Colleague: 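Below: one structure in structure tokens.
Only a predicted model underlies this, so the values are computations on that prediction, with no experimental measurement involved. Numbering of ligands and ligand atoms starts at 1, following listing order.
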Amino acid sequence: MKFTTTLSALLTLAAASQSAVATGEFQNLQLRQGGDANALLQGLRDNNLTSLANVLSQHPAVTERILADNSEKTLLAPNDDAIAMLPSWVTSNSSRLEATLLQHVLRGNFETDKLNAYPLHTIGHSLLNNSDFSKLPGGAGQAVALAKSGNRTFVAEAVNNDTFVQQSVKVDTVTVLPISQAITVPGSVTDTLRFLGYTGISTLLANVQNGALANTIDSLPGVTMFVPTNDAITKFTATNPNPTDIPTVLGQHVVAARVVYSPLLIDQGSLISASGQDIVFDNNAGTVKVGNFTAKILQTDIIAQQGVIHQIDNVLASTALDTGRAAQAQKSAEASVDAEKAQSISGPVSGKNAITTQGTDVPAAQQGSGANNRSANDNTDNAGSGQTESAIGNGTNGNNGGASQAGNSNGSNGNGNGSGNQNGNGVDHRNPNAASASTANTALAASAVLAASILALVL
Ligand SMILES: *[C@@H]1O[C@H](CO)[C@@H](O)[C@H](O)[C@H]1NC(C)=O
Ligand SMILES: *[C@@H]1O[C@H](CO)[C@@H](O)[C@H](O)[C@H]1NC(C)=O
Ligand SMILES: *[C@@H]1O[C@H](CO)[C@@H](O)[C@H](O)[C@H]1NC(C)=O
Ligand SMILES: *[C@@H]1O[C@H](CO)[C@@H](O)[C@H](O)[C@H]1NC(C)=O
Ligand SMILES: *[C@@H]1O[C@H](CO)[C@@H](O)[C@H](O)[C@H]1NC(C)=O
Ligand SMILES: *[C@@H]1O[C@H](CO)[C@@H](O)[C@H](O)[C@H]1NC(C)=O
Ligand SMILES: *[C@@H]1O[C@H](CO)[C@@H](O)[C@H](O)[C@H]1NC(C)=O
Ligand SMILES: *[C@@H]1O[C@H](CO)[C@@H](O)[C@H](O)[C@H]1NC(C)=O
Ligand SMILES: *[C@@H]1O[C@H](CO)[C@@H](O)[C@H](O)[C@H]1NC(C)=O
Ligand SMILES: *[C@@H]1O[C@H](CO)[C@@H](O)[C@H](O)[C@H]1NC(C)=O
């Protein structure tokens, strides 16, 4: 079995970066480092990507980024229908539109016939590194998940598969892969959970000190979150857990300062939770385990502004808390980030080019946790080729179908406007107005070590 997949969730919270330059300058724009903007636009037009060419011609800053430094890029090119379907809250806002365009440009080359098979994904980093829109470690560009399934290849978003609709064409250093629907810029972790209808965990998070834990998660410098289904949360709460244990239990589901996409998870073995426990990943079973609690991974690589979400079928209900261990793991991971490297990751993400690793000062495995002792750098590289064997997301298990997730979301995200399938066409565009309802709670110290926050909430 091979798998690992993703879905992207998106929202937007972008603050206004300055938007485009005057359109008229474009005709003669000869890009500094050599790329020829007019040749790129003509190449797009020659391939029926006229609308995209027109949009880019009005946003030369984006074209310049695409052609900058002469490095290989992959342009996931929305076709004319896809451009026509862009919602007005994207097209009417220059900074959001530019962010959306930049998210469609990946560094490096991605050959569609070599993509990981759904539900496993191949992950790329885009040019969207504006910190209003992407809050990944080191300022890395926001991630995009690609996959193939049978004879289809697509960008996998949480509520959408954006199908590759034509053969790729090469224009200068840019490989153009036309897609049927545009990608949406992802929102924060907690907005993404709400958007996708993860009401169970959203409610638990919102209830912890008026959203303080939720806000802390959204302020982490990178995050991997294992999110139980609503059914799993319902079963857990039916056991009447001690309320003071809830922050600790939630903390078992969070890995602070690490962004472990599924191909990296397969390489990784184990992680350390924000409550300081080993999260042990079993690639053959497709499970994660903390203490005596095991959960199957149902869906991987739901992209969020600060990192990645994987859906699981059970609550990792361990109440064991070791804040010192968690803090050390977080610091070690934070220290592993090399901004220059993070911003230049090219091609499929693997152990060799990941934005974060566990670092060199990681606590040893806990006795009896089942985790292997960690080496200083356990990032190997076996997941980029599409040949990875993993039980993650086996069969159709747990892929609830994005459409139903989106449909469930509108009651819980603030004002219900513009969320979900805005134009009835499965398009994964989220209205930023629908997402902002959650942000006003008391925040714990913004870049806090999460473990300290959890401890504060427990006490
Ligand atoms: C454009 O979108 C950004 C990001 O969501 C937002 O911060 C900004 O206020 C918007 N600008 C306008 C004029 O609506
Ligand atoms: C562009 O569209 C036209 C009309 O639909 C079609 O005949 C032509 O083959 C298309 N060209 C490419 C490169 O797809
Ligand atoms: C984004 O990346 C470009 C290089 O591609 C860099 O010049 C720019 O400073 C980065 N922006 C941010 C906000 O990090
Ligand atoms: C792709 O596979 C499906 C089902 O296996 C088949 O019906 C369809 O004709 C195939 N399409 C192409 C273009 O091969
Ligand atoms: C994306 O495609 C996969 C593979 O065919 C399918 O299982 C999944 O349900 C699709 N996702 C969405 C959101 O349509
Ligand atoms: C995955 O599916 C195969 C075939 O249906 C099955 O034999 C295997 O046990 C499944 N693995 C998991 C972890 O569910
Ligand atoms: C795990 O389960 C074993 C056996 O059921 C029990 O002895 C042990 O105390 C449990 N560990 C924890 C941390 O709950
Ligand atoms: C892991 O390594 C540490 C330090 O090197 C050592 O003290 C500990 O016994 C090892 N644990 C296991 C389970 O091998
Ligand atoms: C979401 O909105 C749609 C369209 O307005 C509506 O049909 C659907 O019932 C709503 N879903 C929920 C869970 O409220
Ligand atoms: C949703 O937003 C649009 C414009 O963004 C506005 O015209 C419409 O009235 C809003 N609908 C609701 C129900 O708030």
Colleague: Does N161 reach ligand 5 with a nitrogen or oxygen that is under 3.5 Å from one of the ligand's nitrogen or oxygen atoms?
Modeller: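 Yes, there is a polar N/O contact under 3.5 Å.
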Colleague: Using a 3.5 Å distance criterion without hydrogens, assess whether the side chain of Q330 forms a donor-acceptor pair with backbone atoms of A274.
Modeller: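 Between the backbone of A274 and the side chain of Q330 there is no qualifying donor-acceptor contact (under 3.5 Å).
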Colleague: Considering the heavy atoms of S149, write down every atom of ligand 5 situated less than 4.0 Å from one of them.
Modeller: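 It comes down to these atoms of ligand 5: 4 (C), 5 (O).
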Colleague: Counting each atom of ligand 1 from 1 as listed, which ones have a heavy atom of S95 under 4.0 Å away?
Modeller: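 Taking each heavy atom of S95 in turn, ligand 1 has 1 (C), 2 (O), 3 (C) under 4.0 Å.
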Colleague: Strictly by modelled atom types, are N161 and T163 linked by a side-chain donor-acceptor pair under 3.5 Å?
Modeller: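 Note: N161 and T163 side chains miss the donor-acceptor criterion.
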Colleague: Just wondering, do L76 and F164 contact through their side chains at under 4.5 Å, heavy atoms?
Modeller: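 Sidechains of L76 and F164: in contact.
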Colleague: May I ask you to check whether D46 and Q42 show a side-chain donor-acceptor distance below 3.5 Å?
Modeller: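 Indeed, the side chains of D46 and Q42 share at least one donor-acceptor pair under 3.5 Å.
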Colleague: Are the side chain of S344 and the backbone N or O of K341 linked by a donor-acceptor pair below 3.5 Å?
Modeller: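 Present.
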Colleague: Can you tell me how the ring of H310 sits relative to the ring of F226, calling it parallel under 30°, perpendicular over 60° and tilted otherwise?
Modeller: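 Answer is tilted, since the angle falls between 30° and 60°.
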Colleague: Is there a salt bridge (Lys or Arg N to Asp or Glu O under 4.0 Å) between K148 and E111 once you walk through the steps?
Modeller: CA-CA 11 Å; K148 69 177 175 195; E111 294 172 51; over 6 Å; no
Colleague: Under the ring-ring contact (aromatic ring centres under 6.0 Å, His included) rule, collect the residues that match up with F110, sequence neighbours excluded.
Modeller: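 F110 satisfies ring-ring contact (aromatic ring centres under 6.0 Å, His included) with no other residue.
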Colleague: What atoms of ligand 5 come closer than 4.0 angstrom to any heavy atom of R152?
Modeller: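 The atoms of ligand 5 under 4.0 Å from a heavy atom of R152 are 2 (O), 3 (C), 4 (C), 5 (O).
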Colleague: What does the list of residues with a heavy atom under 4.0 Å from ligand 3 look like, ordered by chain and number?
Modeller: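 The 4.0 Å shell around ligand 3 contains R65, R107, N129, Q343.
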